[in-house]
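Quantities reported herein were computed from a predicted structural model and do not represent experimental measurements. Sequence lines set the chain letters: A, B, ... in the order given, protein chains first and strands last, and positions in each chain run from 1.
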There are 2 protein chains.
Amino acid sequence: MKKKITIRDLAKEAGVSVTTVSQILNNKGDRFSTATQERVLALRDKYKYVPDFNARNLILKSAKTIGVLVPNIANPFFGTFVEGVQSIAREAEFIPLVFSANRDPKLEKYYLSQMIERSISGLVIASATMTTETIKEVISFNEIPYILFDQNHTQEGDRVQTNDYLGGQIAAKHLVELGHKHIAVLTSDNPTENLNHRMNGFKNIIKENNLSLAPINDVIRAPLTKDGGYKAAKDVLATGASAVFAANDEMAIGLLRGLHELDVKIPEDISVIGYDNIYWDDYVYPRLTTVQQPIFDLGAGATKMLIEQISHSSAEARVQNFPVKLIKRDSTSSYRPK
Amino acid sequence: MKKKITIRDLAKEAGVSVTTVSQILNNKGDRFSTATQERVLALRDKYKYVPDFNARNLILKSAKTIGVLVPNIANPFFGTFVEGVQSIAREAEFIPLVFSANRDPKLEKYYLSQMIERSISGLVIASATMTTETIKEVISFNEIPYILFDQNHTQEGDRVQTNDYLGGQIAAKHLVELGHKHIAVLTSDNPTENLNHRMNGFKNIIKENNLSLAPINDVIRAPLTKDGGYKAAKDVLATGASAVFAANDEMAIGLLRGLHELDVKIPEDISVIGYDNIYWDDYVYPRLTTVQQPIFDLGAGATKMLIEQISHSSAEARVQNFPVKLIKRDSTSSYRPK
DNA sequence: CTGAAAGCGCTAACAC
DNA sequence: GTGTTAGCGCTTTCAG
């Protein structure tokens, strides 16, 4: 790395003091003569001078950096979420530090400590494994502003969220309206609170319509991944249901594959509805009907809240709700008796 | 943010000098008595002291940060690539700063300047739009070590790469061996050098087998995206070919969807082979045959090289090659005359 | 209009 | 074994 040119170099060459240069470069130089200002500015451009970040922040105590903790960056759901974060961060000239913690609490703690060391100004947490204890212990201890997403709704703090209960209802209504009487559910073997809400909303509609959902037989549990959905196909088929609600699109897409391999026709033999509306839904076969969460907006909204909190440090905890809605595609159809 | 506890606080409480604390905390404290060492360490734990990053780096001049520039983080190819980067970075205690520049040169420059300001130690560039000029102008000017990936092979500098020519040959061989005589190609409307190599390898095998590839009719060009592949389906079909090689999996997957909507059966009516082996290939229908690039390893390998370069600043430009291989799945099959 | 001087929190020669 | 001291590059009072 070339030796960096410092503010002192500029000052010397301009024949002024370091103070002068500093003030002018930080737009606090009204009081200096236009000639001086122009000289300094010209010199900065000539040498492409960039103030040293560390030196600057050492004084300013703000790194304009926000941490983003997601389970898996290669997952398009979180990829899109992060893009939402980035779009807002960029506007506010914050830099996001993104970490993919792979649902590994140790990794999460490591990254967390790294972030604190780097004095991030705030944190967006989109990780279901981040426990209340970790948050209390590490984040609150350091009094770092943070925003939660996709968390157990029992936790405290500012958050963005969608109405999971409603989302579950929407999914159920769709299947019921298509005439399905026997509906199965594919959900996580280790559900977070928001997933429970989603499922409760679903069951609520089932019950209202006097349909049954046998808790044991019709509720299949598997990991919340494509592979989880894939491997659960046999069990889903065994329920004999004519429609199935998968707790998220990843699972639903895995399920699609599993059902194909079992020579089950979708939606003719069984309708499948997912949840999230990741951008892949249009590219699986058949195109996946789902309940949309505005993923990008969630990332953007969380970041907007966070930056507000950093700037004004508003005291009260706020919750921002985002809408969910049905996206009808080709994986669901009317019930046809066999 | 709570006022941070500083090294001075520790020193005072431990009844020793700041130097003592600093040395001990940096594992250079052999010369101090065990008692002192333990006292200091205990205090650090008690107060969860973390050295101030900015102050530290101001002296050390190393932020242990590497920049990573990718076109699109929500794209699983780059998501996986970034995970590879992260895995190595973490081992070496480097923090990756990941930017998704959306193939927008302005954004790329902005992020680049941000990174330089933050005195990153090195840069992994996985972006085809990053031109030689930008690299020269911004990166070389600041003498930042960098590693390229997926770039125009004409550029200078250390790099990781795969043998695209061979990859193209592998794809062609597979189709030829299946008995296909009339093969179409779906490639980028704005190809980078590595794509050209890929295509040249492909054409080489076609020619060797005395098959023709009409440059105009059989080479379809579209954006290198799912949507690009989707919209190109009609044109591909119009070639009358019994097999098609798509320049990457994204396009291939889009093409699959487009062909479905045209009621074309894959692989019965037309075989499709992609390139990259993104993890979605197993979850489209039919499962996509492709040429694998070791994406994770590429990210990891690039990062390993970069960190070596940062540490030892080895002079000579190095190139590390990664293997490619055929992954046979369900989207290709033997030629059957109609 | 301008600059001297203090100091952010830390590390590292160099004394003692 | 331990501490003094001098900065790292920058911003910011405050005194001209």
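Across all strands shown, Thr19(B) has heavy atoms under 4.0 Å from base atoms, whether or not it also approaches the sugar-phosphate.
In this structure a side-chain-to-backbone donor-acceptor pair under 3.5 Å is missing from Tyr279(B) to Thr80(B). Of the possible polar contacts, none joining the Glu93(A) side chain to the Lys64(A) backbone as a donor-acceptor pair under 3.5 Å is found.
With dG9(D), dG9(C), dG3(D) as the choices, the nucleotide that has an atom nearest any side-chain atom of Thr20(B) turns out to be dG3(D). Across dT2(C), dC10(C), dC8(D), the shortest atom-to-atom separation from the side chain of Arg56(B) is found for dC10(C). Of the listed nucleotides (dC8(D), dA12(C), dG3(D)), dA12(C) has the atom at the smallest distance from the side chain of Leu60(B). Nearest nucleotide to the Ser17(B) side chain, out of dC10(C), dC10(D), dG3(D): dG3(D).
Side-chain nitrogen and oxygen atoms of Lys28(A) include at least one within less than 4.0 Å of the OP1 or OP2 phosphate oxygen of dT12(D).
Between Thr20(B) and Ser17(B), the side chains place a donor N or O and an acceptor N or O closer than 3.5 Å (distance only, hydrogens not considered).
When the local axes at the two ends of the helix from dC1(C)-dG16(D) to dC16(C)-dG1(D) are compared, using 5 base pairs at each end, they differ in direction by 40° after rounding to 10°.
The stretch residues 39-52 of chain B touches DNA chain C through Tyr49(B), Pro51(B), Asp52(B), each having a heavy atom under 4.0 angstrom from the strand.
You won't find any donor-acceptor pair under 3.5 Å spanning the side chain of Ser22(B) and the base of dA12(C), going by distance alone.
Each of Asn54(A), Thr65(A), Asn57(A) was checked for a side chain to side chain donor-acceptor pair (under 3.5 Å) with Arg118(B), and the lone residue meeting it is Thr65(A).
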